[in-house]
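Take a look at the structure set out below.
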Amino acid sequence: MSQSKSVDIARDAQRVFNVLRNGGLAIIPANVGYGLVACDAEALDRLFTVKRRKPHKKHAMIGSYVLQESIHALPPERQAMVRLLTVDLDLPLGVVAPFRADHHLVRRLGDTTLSKSTINDTLSMLVNGGNLQEELSRLTTAAGLPLMGSSANISGTGTKLVVEEIEPEVQAAADLVIDYGRQRYGHPRASSTMIDFASMRVVRFGACYDVICDVFQRFYKIQLPEDPGPAILSSGHLLPEARLY
């Protein structure tokens with residue numbers, strides 16, 4: 001395992017890409033906390049093993065707004081909501097939506113990995129996770145590789161905002177760790193706020209939720225549910241099925 005000591009987005013994205021295209025695992029920063037990512041089906045299985053995740057839990061895709069728009073099948077007004085949040089207002093967001101099964105990256109997942117990544121014909125994607133993830137998404141997409149992952153932690157222990165908080169066994173499982181220090185969005189919790197844009201339901205309370213609530217109310221007159229806070233709902237998962245993501 002190697003560890004970066006400086007910030008160079010293009011260099012570090014290429015280093016991560018080289019690991020992933022050879023079947024490896026990498027820990028990378030997102031503005032909502034550190035993630036463990038892979039492109040290869042066997043590497044994704046190793047990810048599940050080291051995180052001690054239960055088999056019913058799902059992989060998420062790591063992407064950009066451009067990739068999200070091409071993979072998710074949403075009505076124009078719902079897609080415009082995603083754009084407002086992630087592009088115009090620069091907010092991180094977990095987007096859950098129906099997907100285009102004929103998209104080349106979806107087909108590249110294969111039936112087994114696809115079944116481990118979808119619920120009721122929806123796929124979750126982290127959009128606007130930061131500059132490194134944007135560049136890595138560009139590289140993997142150009143190479144025809146789906147970038148998949150989860151938070152870099154033992155399942156159930158919460159997303160980590162600094163590498164030092166990541167459990168030693170999770171760090172040891174990664175072929176590369178990119179350490180950019182403390183990540184910026186941890187209120188009210190680390191990890192992304194996740195919204196199902198097909199049903200317009202909150203799946204998970206996460207980072208920047210108060211800002212996202214204000215956007216929905218201000219621009220669309222949509223009142224999202226109040227977050228009861230980490231003391232009452234530590235995981236942030238609002239819906240029982242949300243635990244699958």
Side-chain angles (χ1 to χ4, degrees), residues 32 35-39 41 44-45 47-48 51-86 91-129 137 141 145-151 155-156 159 189 191-207 209 212-213 216 220 222-225 227-228 233-245:
V32 294
L36 187 61
V37 296
C39 292
L44 287 168
D45 288 342
L47 180 156
F48 258 56
K51 282 176 58 70
R52 306 176 198 167
R53 297 198 88 186
K54 295 182 179 179
H56 66 276
K57 290 197 172 184
K58 303 294 182 176
H59 304 300
M61 186 170 280
I62 312 298
S64 63
Y65 175 78
V66 171
L67 183 61
Q68 180 274 323
E69 186 179 29
S70 71
I71 285 182
H72 281 153
L74 285 172
E77 64 275 11
R78 301 282 173 87
Q79 187 60 46
M81 291 179 177
V82 177
R83 180 179 178 86
L84 174 64
L85 289 160
T86 62
L91 293 166
L93 186 66
V95 181
V96 178
F99 60 93
R100 295 180 173 91
D102 61 348
H103 192 281
H104 68 282
L105 292 184
V106 174
R107 293 201 310 269
R108 183 67 180 263
L109 287 172
D111 292 341
T112 300
T113 302
L114 184 62
S115 70
K116 296 177 180 179
S117 308
T118 56
I119 302 171
N120 298 328
D121 297 321
T122 66
L123 174 72
S124 173
M125 185 186 298
L126 173 59
V127 179
N128 204 15
S137 175
T141 299
L145 297 173
L147 178 61
M148 310 296 290
S150 180
S151 54
S155 187
T159 302
R189 304 169 180 82
S191 78
S192 61
T193 291
M194 190 177 293
I195 295 175
D196 185 331
F197 281 86
S199 62
M200 292 307 300
R201 296 189 301 176
V202 175
V203 176
R204 182 176 69 199
F205 300 117
Y209 184 70
I212 291 168
C213 283
F216 272 98
Y220 302 109
I222 295 173
Q223 185 72 48
L224 297 182
D227 182 352
L233 191 64
S234 60
S235 70
H237 294 301
L238 180 62
L239 306 173
E241 61 267 33
R243 294 188 175 90
L244 299 177
Y245 285 111

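Taking CZ of F48 as the reference point, atom OG of S150 lies at 7.0 Å (rounded to 0.5 Å). One finds the CE atom of M148 at 10.5 Å from the CG atom of L47 (value rounded to the nearest 0.5 Å). Atoms OG and CE, on S137 and M61 in that order, are 9.0 Å from each other to the nearest 0.5 Å. The CG atom of L44 sits 8.5 Å away from the CG atom of L109 when rounded to the nearest 0.5 Å. Separation of atoms CG (L91) and OG1 (T193) is listed at 9.0 Å; rounding is to 0.5 Å.
Sorted by first and then second residue, the side-chain hydrogen bond (donor to acceptor under 3.5 Å, both in side chains) pairs with a member in residues 106-115 form an empty list; sequence neighbours excluded. The side-chain hydrogen bond (donor to acceptor under 3.5 Å, both in side chains) pairs that include a residue from residues 62-84 are Y65-Q79, Q68-H72, Q68-Q79, S70-H103, where partners are two or more places apart or lie in different chains.
For the side-chain contact (heavy atoms from CB on, under 4.5 Å) criterion with L67, the lone passing option out of L147, L105, V127, I62 is L105. When each of V32, L126, I212 is checked for a side-chain contact (heavy atoms from CB on, under 4.5 Å) with L93, only I212 meets the rule.
Annotation for C213 and P225: closest pair SG-O, 4.4 Å, computed over non-hydrogen atoms. Closest non-hydrogen pair, V106 versus A101, comes out as CG1-O, 3.9 Å. The two residues S124 and M194 come nearest to each other via the heavy atoms OG-CE, 3.6 Å. Minimum heavy-atom separation, S191 to R204: OG-NE, 3.7 Å. For the pair L233 and P228, the tightest heavy-atom approach, listed with the atom from each and the gap, is CB-CG, 3.8 Å. The nearest pair of heavy atoms linking S117 to K58 is N-CD, 4.0 Å.
Ring planes of Y220 and F216: tilted class, angle from 30 to 60°.
For S151, the side chain to side chain contact (heavy atoms under 4.5 Å, CB included) partners are K51, N153, T159, not counting sequence neighbours. Looking at residues two or more places apart in sequence or on another chain, you find no ring-ring contact (aromatic ring centres under 6.0 Å, His included) involving F99. By the salt bridge (charged side-chain N to carboxylate O under 4.0 Å, His left out) test, D45 pairs with K116, sequence neighbours left out.
By the 4.5 Å heavy-atom criterion applied to side chains, V95 and M81 are not counted as neighbours. Side-chain contact between P75 and F197: absent, with no pair of heavy atoms (C-beta onward) separated by less than 4.5 Å.
A donor-acceptor contact shorter than 3.5 Å is absent between the side chain of T122 and the backbone of A97. A distance-only check finds no donor-acceptor pair linking the side chain of D121 to the backbone of P98 [under 3.5 Å].
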